[in-house]
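To find a chain, count down the sequence lines: A is the first, B the second, and so on, and within it residues start at 1.
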2 protein chains.
Amino acid sequence: MADVARLAGVSVTTVSHVINGTRPASQRTRDSVLAAIERTGYRPNTIARALARGGTQSLGLAISGLSNPYFTDVVAAIEAAAGRAGHTLLLGDTREDPEHELRIVRALAERQVDGMLLAPTVGALEHALPYLESQGVPTVLLDRFVDVPLDQVGCDNEQPTARLVEHLIDKGHTRIAMAIGIPGLSTTDERVRGYRGALERGGLAFDPGLVAEGHSQRDAARDAMHTLLELPDPPTAVVSGNNFMTIGLLRAIAERGLTVPDDLALVAFDDFEWADLFAPRLTVIRQPTTELGSRAVELLLSRLADPDRPPRTERLEAMFVHRNSCGCTGPSPALQLRAQPSKA
Amino acid sequence: MADVARLAGVSVTTVSHVINGTRPASQRTRDSVLAAIERTGYRPNTIARALARGGTQSLGLAISGLSNPYFTDVVAAIEAAAGRAGHTLLLGDTREDPEHELRIVRALAERQVDGMLLAPTVGALEHALPYLESQGVPTVLLDRFVDVPLDQVGCDNEQPTARLVEHLIDKGHTRIAMAIGIPGLSTTDERVRGYRGALERGGLAFDPGLVAEGHSQRDAARDAMHTLLELPDPPTAVVSGNNFMTIGLLRAIAERGLTVPDDLALVAFDDFEWADLFAPRLTVIRQPTTELGSRAVELLLSRLADPDRPPRTERLEAMFVHRNSCGCTGPSPALQLRAQPSKA
DNA sequence: CTGTTAGCGCTTTCAG
DNA sequence: CTGAAAGCGCTAACAG
């Protein structure tokens, strides 16, 4: 920058100002500065600027399972929204482990992110959250809700899950199992509540023996499903608590030579981009991933703009996507697909 | 930090040194500094440290299609490898557009990343690459190869694609179509070369009419497949150039009421985590995504350690995964799945 | 074993 | 309309 100033025959102050357009300068000086920048190949040092200004124009994102297609979409949306607002993303994976989450969150905070987007783990209340609070880092929670006065955005879980279960009840099922996620996560708890509520309203008793502890993971769900299928009176239908577990359940079912939906109906939380190419096509709840990501960023930006506004909690609506794994013979793939023409 | 020093009754120098363990200090001072840090809730300012040290301990990653499951795995691997080495990731999406790629790369460079990981777009040679070169940013290229003296790591494309095609030829197919990706990308070109080579060796003429320009995209592939299927003499087999296009091809096929592999055989580049749950189970080439990501990071770290070592180009091997969409009746899902027991 | 001090590259008062 | 100079929070000679 000193080079530029020298070459343009002005002070660094002026260079700074023309770069940032932060105060008027004569046409001539502006031109010569710009020219000098060009000639020197000058690249502004964001790090130094951040130090001087006390703001980095970057946001931290701490999330679990970067390879979860659900979160992938969310991350993409966040990256886009952040980019639009001139912010960069710093990324960390919590590994769904409170200790590691704290490490990640701390690393991001020490890199002076202006704000933090966090999909809190079960232990966040004891680790990451107190840290963020003590450090005064503007934070918005994502996907999972926690009982703290912070901005939060996630999807509705209870009602959509109930909807899934009700559909199975309507079709005459009475032994309906559920693969549940990590206990303690609001998403898990709410989905379980939706499941139990629907059973109750349908006049069916809740049977703990029909709950498969899938821990949101593929292989755990698969193992649990095997156990369920070995029951003397196995379930005739199963609802999956998330996409990973859906894979596990399908595996277990296939491994026993059973077929969905003939031998067992299956409905699931989380859509796949190719859920309609599976055999059978999956009936699922689709979460508004893109909206979730962009709303989270909007919330964070608005908090940065106004640190004192009261925290907001937003609940996004999920969508029931009716296909065939529930046992219904829906529209043929061809018809359904034609109904949503390509963008190209 | 001044606070800490005051509270501990030492100089900031000492504080700095005990934090970084960069020079010996007496047990007593060390303890009191640590205690002071604890009491003040002091959080080191990485930004300031970076400015003083001239290094940020962060790496830039510019890649296209963050939501592409293939890249997702790569990103996850990179994040892990970078984290292990104490680096954070700054993330940007090139959108497969050279202009945007330059913007992203510039943003990352201005944030003083220590090095850059880049999956170059077709226009990188005219935009991003010259910029990186002029700014002297240590860079490793990822996934796609470009003819420049930089570290590069990607997969073998030609031979695996040929393998796919040969398999179809072995099964008696003579009208074999291919959905190809973005022209100009080394991955696309190499896969096309593999396709043509295999045809030739199999005594089949290359027919440009059987090439579907899928541009690596789902919907373009779908449209192109429809066109192909309307041919008077349509293909009896198709090879997909990447995962997105596979989805598009399958859609088009389903939309015409055709079945894989009975009406049409399909083999594809890129595996899916649930490719064996599709109907039919997909015969694919699986790329070593995790290895790709970690090798890329290793290359970059080694370049940072030794800026003058000659550039290296590494080619990773891909794997032929034989399932049923090619028309073979492989092992039953149950058998195959049991053969690879869960980690749990 | 510890402290003083001069920067890192930029922004931003405060004075012209 | 423009400059001088004081920091932002930390590191690393250099000196003791």
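Distance alone, capped at 3.5 Å, is enough to place a donor-acceptor pair between the B:H100 side chain and the B:D93 backbone. Formation of a donor-acceptor pair under 3.5 Å by the B:S64 side chain with backbone atoms of B:T94 is not found in this model.
Taking the ring centre of A:F145 as origin, the terminal cationic atom of A:R315 falls inside the region bounded by 6.0 Å and 45° from the ring axis.
Across the protein-nucleic acid pair, A:Q112 atom CD and D:dC8 atom P stand 14 Å apart, rounded to whole Å. Look at CZ on B:R6: it is 19 Å from P on C:dT2, rounded to the nearest Å. C:dC1 atom P lies 14 Å from atom CG of B:D31, rounded to whole Å. Look at CD on A:Q57: it is 15 Å from C1' on C:dC10, rounded to the nearest Å. Computed from coordinates, the B:L51 CG to C:dT11 C1' distance equals 12 Å when rounded to whole Å.
Sequence order on DNA chain C of the closest nucleotides to B:R30 and A:I47 puts B:R30 first from the 5' end.
Within the structure, a side-chain polar atom (N or O) of B:T14 is placed less than 4.0 Å from OP1 or OP2 of C:dG3. Phosphate proximity of C:dC1 to B:T29: absent, as no side-chain N or O sits under 4.0 Å from OP1 or OP2.
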(request) Between protein and nucleotides 10-16 of chain D, map the contacts as a letter string: B base, S sugar-phosphate only, - none, heavy atoms under 4.0 Å, written 5' to 3'. (result) BBBBB--

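A salt bridge links B:R309 to B:D151: at least one charged side-chain nitrogen sits closer than 4.0 Å to a carboxylate oxygen. Look at B:D31 and B:R28 and you find no salt bridge, because none of the NZ, NE, NH1 or NH2 atoms lies under 4.0 Å from a carboxylate O.
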(message) Quick one, B:S58 with B:R111, criterion side chain to side chain donor-acceptor pair (under 3.5 Å). Give me CA distance, side-chain angles, the key distance, then yes/no.
(response) CA-CA 9 Å; B:S58 64; B:R111 279 177 165 84; over 6 Å; no

